[in-house]
Amino acid sequence: MFTSENGRAILFMMLAMAGFIVNDSFVKLVSERLPLGEIMFVRGVMALVLVLGLGVFNGEVRRFHLLMNRLVGQRVFAEVTATVLYLTALFNMEIANATAILQALPLLVTAGAAVFLGAPVGWRRWTAVAVGFCGVLLIVRPGMEGFNAWALMALAGVLFMALRDLTTNVLPKNVPTLGVTFATLVGVTVTGLALSLGEVWTMPSLLDLSFLAAAACFILIGFVCIINAMRIGDISLVAPFRYSIIVWAIIIGYFVWGDIPDLPTLAGIAIVVATGLYSLMRERKRLAEAGPAATADLPG
């Protein structure tokens, strides 16, 4: 059981990745019938209703005035810009190549934490992140012919994702997580509405609305968990656990679409899981060497 802040942050990160990939799966199913902007807008409205309901229930809505903060605005800007850049690139390049570029995010976050936040990042942690990235490449196996101007746009999107995560790490402690989630959803929902102005809206079926409601629930879980992960944990330790989204994707792909992973894919998954476990073991050892006071709240 995770009881330390880093342990809880790792758990939050893995839950966030699960939330995001389940959301993506529902969106993928609906995208066969509805355009992207309409999906983002309808899902966003549903998620905003959920956030406001939770905020009223637990009283956090009374603290939403604390969102009037430059860093919150910077985070929302980074989130919206990353979404537009990455999705635009994704629609114009092979999904394997886009996925490979996305997996550079833990490396960028680790580098940003070391350079801008002064996070202690040793060579072992750098190695673990880099090896995990190689495992992801083994899974998606992108082709070099697919890397072009759209790939640069995808990379720009990932850079803004890194800015989003680094900003989250330095948000004032009194700014409520649910409020940050609300601000993020407002930005993404408005962006969806703007995109939909150039689309032909389609009347969603009851099944479409059910899928979008489920997507709204899971993207809310993803946003809340990733904000918590970035706020309470050692950002360079937590970042590699983003790779867990690949494992979730393989599991969902098998049960929903019947996709069966081949041997290289299984090897890549093993590498990704191993690097995550190694990072956690290194953290346990570091805290153990720091003394009894530091190990009192170790995970497990």
Side-chain angles (χ1 to χ4, degrees), residues 1-25 79 82 99-114 117 119-140 158 161-169 177 181 218-219 221-253 265-287 297-300:
M1 179 178 180
F2 294 112
T3 55
S4 70
E5 286 196 344
N6 280 331
R8 288 192 297 121
I10 289 170
L11 181 58
F12 274 129
M13 177 60 77
M14 295 182 71
L15 288 174
M17 296 301 101
F20 285 139
I21 197 63
V22 174
N23 160 75
D24 289 345
S25 299
E79 178 79 62
T99 303
I101 293 171
L102 180 61
Q103 302 316 311
L105 184 56
L107 287 168
L108 292 173
V109 170
T110 300
L117 304 182
V121 182
W123 68 269
R124 292 183 180 87
R125 193 166 294 177
W126 280 112
T127 302
V129 177
V131 171
F133 179 57
C134 292
V136 172
L137 290 179
L138 186 59
I139 294 171
V140 299
V158 174
M161 292 178 197
L163 173 61
R164 173 201 65 195
D165 289 348
L166 294 172
T167 302
T168 304
N169 187 253
T177 294
T181 302
F218 281 101
I219 198 172
I221 291 172
F223 279 152
V224 170
C225 288
I226 200 167
I227 291 169
N228 277 320
M230 291 293 100
R231 296 186 79 172
I232 68 176
D234 179 343
I235 192 170
S236 61
L237 171 69
V238 175
F241 286 85
R242 286 182 176 279
Y243 293 143
S244 64
I245 195 171
I246 296 294
V247 179
W248 294 121
I250 296 298
I251 293 173
I252 291 175
T265 298
L266 293 175
I269 293 173
I271 292 172
V272 169
V273 173
T275 55
L277 293 175
Y278 176 77
S279 295
L280 184 56
M281 290 172 58
R282 284 298 308 169
E283 178 67 5
R284 290 176 66 97
K285 183 176 180 179
R286 182 186 70 80
L287 291 177
D297 65 344
L298 272 173

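Here, residue 1 is the first one in the sequence, and each next residue gets the next number.
In this structure, Ala9 and Ala229 approach most closely via the heavy-atom pair O-CB, 3.4 Å. When all heavy atoms are compared, the tightest approach of Ala162 to Leu108 is CB-CB, 4.1 Å. Counting all heavy atoms, side chain and backbone alike, Ala239 lies closest to Val109 at CB-CG1, 4.1 Å. Nearest approach of Ile252 to Ser25, heavy atoms of both residues: CG2-OG, 3.3 Å. Between Phe218 and Asn23, the shortest heavy-atom distance links the atoms CB-N, 4.0 Å.
When side chains are defined from C-beta on, Leu166 does not count as touching Met230, because their heavy atoms never get closer than 4.5 Å. A 4.5 Å side-chain heavy-atom check between Pro106 and Tyr243 finds at least one atom pair inside the cut-off. A heavy-atom distance below 4.5 Å is not found between the side chains of Glu79 and Thr167.
In this structure, CG in Leu105 is found 9.0 Å from OG1 in Thr110, a value given to the nearest 0.5 Å. Thr181 contributes atom OG1, which lies 11.5 Å from atom CD1 of Ile221 (distance to the nearest 0.5 angstrom). Atom CG of Leu163 and atom OG1 of Thr168 lie 9.0 Å apart (nearest 0.5 Å). Taking SG of Cys225 as the start and CE of Met17 as the end, the distance is 9.5 Å to the nearest 0.5 Å. The structure places CD1 of Ile232 at 11.0 Å from CG of Asn169, a figure rounded to the nearest 0.5 Å. With values rounded to the nearest 0.5 angstrom, Leu237 atom CG is found 12.0 Å from Glu5 atom CD.
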Are Met161 and Arg164 close enough, and set up right, to give a side chain to side chain contact (heavy atoms under 4.5 Å, CB included), and what steps lead you there? CA-CA 5 Å; Met161 292 178 197; Arg164 173 201 65 195; 4.0 Å; yes

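The ring-ring contact (aromatic ring centres under 6.0 Å, His included) check on Phe223 picks up Phe20, with sequence neighbours excluded. Scanning for side-chain contact (heavy atoms from CB on, under 4.5 Å) contacts around Ala249 gives Ile21, with sequence neighbours left out. Contacts of Asn228 classified as side chain to side chain donor-acceptor pair (under 3.5 Å), with partners at least two apart in sequence or in another chain: Thr177.
Side-chain atoms of Trp248 never come within 3.5 Å of backbone atoms of Leu15 as a donor-acceptor pair (strictly under, hydrogens ignored).
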